[in-house]
Amino acid sequence: MSGSIENKVVIREYNEDRDIKVVGKLERKCEIGSNKEVSIFTNMMGDPLSRIRFYPVHVMLVAELRENGELVGVVKGCIKCVGTRFGASYVRLGCILGLRVSPRHRRMGIGLELVKSVEEWLIGNGAHYTFLATEKNNVASTNLFTSKCNYVNFTSLVIFVQPASLPVKGLSQDIKIEKLQTDQAIYLYNNKFKSKDIYPTDVDAILKEKLSIGTWVSYFKEEEWISLHSNERNEDIITRTPSSWAMFSIWNSCEAYKLHIRKSHHPFKFFHATLSHARDKIFPCLKFPICHSLQKPFGFLFLFGLYGEGERLQELMKSIWSFASRLAENVKDCKVIISELGVSDPLIEHVPQESSMSFINDLWYLKKVNDIADDSEEPVVMGQVTGNVFVDPRDF
Ligand SMILES: CC(C)(COP(=O)(O)OP(=O)(O)OC[C@H]1O[C@@H](n2cnc3c(N)ncnc32)[C@H](O)[C@@H]1OP(=O)(O)O)[C@@H](O)C(=O)NCCC(=O)NCCS
């Protein structure tokens with residue numbers, strides 16, 4: 001910490017009894033990004049830890065002014081285990097998320113101090129790499145992590161955003177969408193994840209979370225997928241698939257947190273800007289007017305675990321988005337369907353190109369902080385850009 005900032009700010013662990021209200025307030029007043037006409041705020045619905053609670057090893061740090069105890073910044077961190085296609089099957093990834101500094105206290109070095117402190121915590125808890133995601137246009141965050149903290153970009157992704165009120169047209173009569181049992185879904189994912197550059201080692205925990213609504217497969221009715229219904233072993237599901245099929249899961253983010261859009265002076269302008277990460281990175285691009293309903297806090301369904309095989313994926317992908325839109329109609333406060341795919345994910349070219357669909361470029365950054373014991377191969381070669389990753393709904 002530079003001398004002057006150290007004298008002004010103390011970084012300490014979040015204390016629920018003492019900080020819950022103030023942190024909620026700080027998060028609500030920290031706009032994401034820099035659009036002058038529309039500001040996006042997150043509302044953690046009274047639980048600032050909601051993004052990291054899913055991980056057993058997590059922390060939230062706050063920055064407090066020494067002079068008056070005012071809370072002016074916050075950052076969250078958690079550790080998750082991932083497998084990789086590059087060799088190591090078990091990498092401890094320290095994730096940094098939810099970094100916020102109060103607008104009045106920016107450019108004083110507080111963001112940097114929060115990042116250094118959370119990195120220290122993650123390293124102390126055994127992280128091999130530290131990681132963060134940020135929307136491409138977030139200059140402040142990109143500069144902070146690359147110039148000041150030596151992070152490198154290791155993958156680029158695209159976030160797809162579709163208003164639930166403008167569904168992708170046509171749930172084809174020729175296509176069947178069928179819900180899997182959880183053990184079938186786990187088996188299929190564990191089998192198919194091996195083709196991903198990076199994937200979670202605990203997909204069972206993701207699918208058993210209460211926000212996970214289910215996993216479905218989509219295929220053409222003309223071909224039957226008999227092994228799905230018989231009491232056969234799960235291995236038979238994989239060996240006897242239809243010629244084209246896709247699978248996906250849905251996460252109901254509406255239950256955990258909401259987004260809130262506030263407009264300044266131009267009430268019915270379209271969104272053009274892009275903002276920053278994840279929930280921090282989404283909504284600016286919605287290319288539809290800020291209607292009355294979006295001025296109240298709203299939530300979204302997150303389509304994840306998209307995987308497909310065969311020649312006719314275009315139609316199957318369309319059916320998936322359509323299905324998700326229909327599902328959204330019955331979910332309270334749900335206004336948007338979102339998904340995110342790595343740039344070299346084979347499914348990316350099959351995402352429906354509707355005019356109502358928006359795209360946001362997202363970048364993932366990484367830094368190596370510890371050696372991986374008993375593993376000769378580097379799981380992620382620094383500087384090598386990967387592009388087919390599993391996007392974990394818990395982090396979004
Ligand atoms: C990103 C954010 C946390 C930075 O906090 P901060 O306390 O202002 O950052 P610092 O003062 O520690 O800045 C450290 C470095 O980051 C970079 N940086 C910070 N703000 C910047 C800006 N507005 N423009 C360009 N670079 C910026 C600079 O390299 C800066 O070093 P310098 O001041 O010596 O040039 C803050 O702008 C914020 O809360 N933004 C809204 C939420 C958000 O986007 N979070 C990031 C999600 S990943």
Side-chain angles (χ1 to χ4, degrees), residues 1-11 22-36 38-44 48 51-52 60-66 70-78 93-120 122 130-157 159 257 259-262 273-285 340 360-367 391 395-396:
M1 191 179 280
S2 72
S4 56
I5 191 75
E6 190 172 44
N7 293 336
K8 288 180 187 155
V9 174
V10 60
I11 310 282
V22 199
V23 168
K25 223 166 140 183
L26 176 73
E27 289 186 325
R28 285 196 298 276
K29 84 175 174 195
C30 276
E31 85 298 345
I32 317 292
S34 56
N35 188 329
K36 301 246 173 347
V38 180
S39 302
I40 315 293
F41 299 81
T42 52
N43 183 340
M44 294 299 176
R51 275 183 89 178
I52 50 176
M60 177 147 130
L61 302 177
V62 297
E64 191 175 82
L65 293 185
R66 285 188 193 276
E70 186 186 352
L71 213 147
V72 291
V74 60
V75 70
K76 298 167 200 183
C78 62
L93 204 56
C95 308
I96 300 177
L97 58 173
L99 174 66
R100 303 271 190 282
V101 171
S102 125
R104 280 196 308 118
H105 299 88
R106 290 188 187 159
R107 290 316 276 271
M108 292 165 58
I110 297 170
L112 181 58
E113 285 314 308
L114 281 164
V115 172
K116 284 186 191 163
S117 304
V118 77
E119 279 180 340
E120 217 168 276
L122 292 167
T130 46
F131 157 89
L132 79 136
T134 189
E135 193 268 327
K136 196 176 175 185
N137 290 355
N138 191 339
V139 179
S141 154
T142 304
N143 280 356
L144 169 55
F145 284 98
T146 57
S147 327
K148 299 281 170 173
C149 305
N150 301 322
Y151 281 75
V152 293
N153 171 227
F154 81 105
T155 191
S156 304
L157 301 96
I159 301 169
Y257 65 93
L259 292 141
H260 194 179
I261 295 173
R262 283 181 221 149
T274 52
L275 306 180
S276 31
H277 176 60
R279 65 210 52 159
D280 310 0
K281 60 196 167 180
I282 319 162
F283 301 84
C285 278
E340 180 166 21
I360 301 171
N361 295 319
D362 192 28
L363 299 176
W364 286 9
Y365 287 93
L366 197 69
K367 179 158 88 175
V391 179
D395 304 339
F396 199 87

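Atoms within a ligand are numbered from 1 in the order they appear, just like the ligands themselves. All residue numbers in this chain count up from 1 along the given sequence.
- Side-chain contact check for K116 versus I11: every heavy-atom pair is 4.5 Å or farther apart.
- If you check each of E135, E27, R107, M108 against atom 28 (C) of ligand 1, the one with the closest non-hydrogen atom is R107.
- At a 4.0 Å heavy-atom cut-off, ligand 1 does not touch L97 at all.
- In this structure, R104 and E70 have side chains that are in contact, with non-hydrogen atoms separated by less than 4.5 Å.
- Where the criterion is an N or O separation shorter than 3.5 Å, residue side chain and backbone included, L112 meets it with respect to ligand 1.
- No donor-acceptor distance shorter than 3.5 angstrom exists from the side chain of R106 to the backbone of G111, with no hydrogens or angles considered.
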Exercise. Does the side-chain contact (heavy atoms from CB on, under 4.5 Å) test come out yes or no for I96 and E119, once each step is laid out?
Worked result: CA-CA 8 Å; I96 300 177; E119 279 180 340; 4.1 Å; yes
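- Proximity of L112 to C149: side-chain heavy atoms (C-beta onward) are separated by under 4.5 Å at one or more points.
- Distances from atom 18 (N) of ligand 1 to the heavy atoms of C149, P103, S141, A140 put A140 nearest.
- Among L114, N138, V115, the residue whose heavy atom sits closest to atom 44 (O) of ligand 1 is N138.
- Here R106 has heavy atoms under 4.0 Å from ligand 1 in both its backbone and its side chain.
- Residue contacts with ligand 1, taken as heavy atom pairs separated by less than 4.0 Å, do not involve E113 at all.
- For the pair F145 and T134, the minimum side-chain heavy-atom distance is 4.5 Å or more.
- Distances between N or O atoms of G111 and those of ligand 1 include at least one value under 3.5 Å.
- Compare V9, I110, L99 by their heavy atoms: the one nearest to atom 47 (C) of ligand 1 is in L99.
- Here's the thing with T134: none of its N/O atoms is less than 3.5 angstrom from an N/O atom of ligand 1.
- When side chains are defined from C-beta on, I5 counts as touching M108, because their heavy atoms get closer than 4.5 Å.
- Residue contacts with ligand 1 leave out S147, since none of its heavy atoms falls under 4.0 Å from the ligand.
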